[in-house]
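None of the values given here were measured: they were computed from a predicted structure.
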Amino acid sequence: MKRNPRDLVRYNASERANHWVVGICFILLALSGLAFFHPAFFPLTQLFGGGPWTRILHPYIGVVMALFFIIMACRFAKLNIMEPRDVEWLKNVNKMIDGDDHDMPEQGKYNGGQKLLFWGLVIGMLLITVTGALMWRAWWTLPVDVVRAASVVHAIAAVWMIGLIIMHVYAAIWTRGTIRAMLYGTVTRAWAKQHHRGWYRKMTGDND
């Protein structure tokens, strides 16, 4: 894609690569996790070379995702701190859903909904990582009650994460011009001014 010199850089190459590593790992983990969640999904193990290989690969892919998610969370945590304008944005979110987002409160690089999603993912990732480690019996053996409790919380956290990711993907598709930011790193000035006016002002110095 040929870049317009007037476009704004929203994500650099490193940030985009970080995002896609986490995303790809999440898809692999969701597919392999569903294979063990219910017998109806067990055929998904064929994508990983069968049941034994799926069981072996699942936790190691989880380690990769957790490490890259930590890097991503550290990169974006400061930008996702909730502010009064974010609370006001959330109170008026119905306007945006109805397509009337021109009068929404001015937002920075991320709006209130994106910030809620970010912290929801952080909580989910923390739960899924800790419980996954407790279940990893190839490395250590814990009391069976601990493993059972971890398995339940792990499944709940996985469903929570899948739900949030579905919302994330839907919002990216629904808000036209968003996906190109994570594919090519840039957004148009019109997109930035409409959806993230505060960030637009910061990037361009335009106070109109």
Side-chain angles (χ1 to χ4, degrees), residues 1 4 6-12 15-16 18-20 22-27 29-30 33-34 37 65 69 72-128 153-208:
M1 179 179 178
N4 186 324
R6 284 184 52 80
D7 287 347
L8 302 179
V9 176
R10 190 158 173 85
Y11 299 109
N12 61 38
E15 291 168 337
R16 299 199 306 276
N18 194 168
H19 173 273
W20 287 114
V22 173
I24 291 169
C25 285
F26 182 83
I27 293 171
L29 288 168
L34 284 171
F37 185 75
M65 183 176 74
F69 185 89
M72 189 168 67
C74 290
R75 276 176 158 164
F76 299 121
K78 188 175 181 180
L79 291 169
N80 281 279
I81 295 174
M82 294 294 290
E83 302 175 34
R85 63 181 177 179
D86 301 316
V87 176
E88 193 64 27
W89 186 93
L90 290 169
K91 289 179 179 178
N92 292 276
V93 72
N94 286 337
K95 292 182 180 179
M96 191 192 72
I97 294 174
D98 291 336
D100 182 21
D101 61 348
H102 295 282
D103 295 326
M104 295 291 287
E106 183 177 288
Q107 295 293 285
K109 187 168 185 176
Y110 300 111
N111 60 45
Q114 290 170 312
K115 291 181 178 182
L116 277 183
L117 176 70
F118 175 83
W119 294 114
L121 290 172
V122 168
I123 292 170
M125 182 63 69
L126 178 63
L127 288 173
I128 212 167
V153 177
H154 193 79
I156 294 172
V159 172
W160 167 261
M161 291 284 286
I162 290 172
L164 290 179
I165 293 300
I166 290 173
M167 290 174 56
H168 176 52
V169 173
Y170 176 79
I173 295 173
W174 182 67
T175 307
R176 184 177 299 177
T178 300
I179 293 179
R180 64 173 282 180
M182 199 48 75
L183 289 175
Y184 306 109
T186 61
V187 293
T188 64
R189 292 189 173 221
W191 182 95
K193 190 172 184 179
Q194 179 177 351
H195 300 293
H196 299 274
R197 187 179 293 268
W199 178 70
Y200 168 81
R201 293 179 191 277
K202 181 179 178 180
M203 295 295 289
T204 65
D206 184 354
N207 294 316
D208 292 336

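Closest non-hydrogen pair, Glu106 versus Arg85, comes out as O-CD, 3.3 Å. Of all the heavy atoms in Arg16 and Ala181, the pair that sits closest is CD-O, 3.6 Å. Contact between Gly124 and Ala157 at its shortest, heavy atoms only, is O-CB, 4.2 Å. A pairwise comparison of heavy atoms in Ile128 and Ala158 identifies CD1-CA, 3.7 Å as the closest pair. Taking each heavy atom of Lys115 and Asp86 in turn, the nearest pair found is NZ-OD2, 2.6 Å. Shortest non-hydrogen contact noted between Val153 and Leu127 is CG1-CD2, 4.4 Å.
Note: His154 NE2 to Met161 CE = 10.0 Å, rounded to the nearest 0.5 Å. Atoms OG1 and NZ, from Thr188 and Lys193 in turn, are 11.5 Å apart once rounded to the nearest 0.5 Å. A distance of 11.0 Å separates CZ of Phe76 from CD of Gln114, quoted to the nearest 0.5 Å. Interatomic distance, CD1 of Ile27 versus CD1 of Ile162, reported as 11.0 Å (0.5 Å rounding). The OG1 atom of Thr186 sits 13.0 Å away from the CZ atom of Arg6 when rounded to the nearest 0.5 Å. Expressed to the nearest 0.5 Å, how far CE of Met167 lies from CG of Leu164 amounts to 6.0 Å.
You'll find the side chain of Met182 reaches within 4.5 Å of the side chain of Trp20, heavy atoms only. Residues Lys109 and Lys202 fail the side-chain proximity criterion, which asks for heavy atoms closer than 4.5 Å.
Summarising the local packing, OH of Tyr110 is surrounded by more than 12 heavy atoms from other residues, nucleotides or ligands at distances under 6.0 Å.
In summary, of the residues considered (Leu116, Val122, Leu121, Leu117), a side chain to side chain contact (heavy atoms under 4.5 Å, CB included) with Trp119 occurs for Val122 alone.
In this structure a side-chain-to-backbone donor-acceptor pair under 3.5 Å is present from Gln107 to Gly112. Checking side-chain atoms of Arg189 against main-chain N and O of Leu8 turns up no donor-acceptor pair under 3.5 Å. Looking only at distances, no side-chain donor or acceptor of Trp199 sits under 3.5 Å from a matching main-chain atom of Arg10.
Taking the ring pair (Phe, Tyr, Trp, His ring centres under 6.0 Å) definition, one finds that His196 meets it with Trp191, sequence neighbours left out.
By the 6.0 Å and 45° rule, Lys78 does not stack over the aromatic ring of Phe118.
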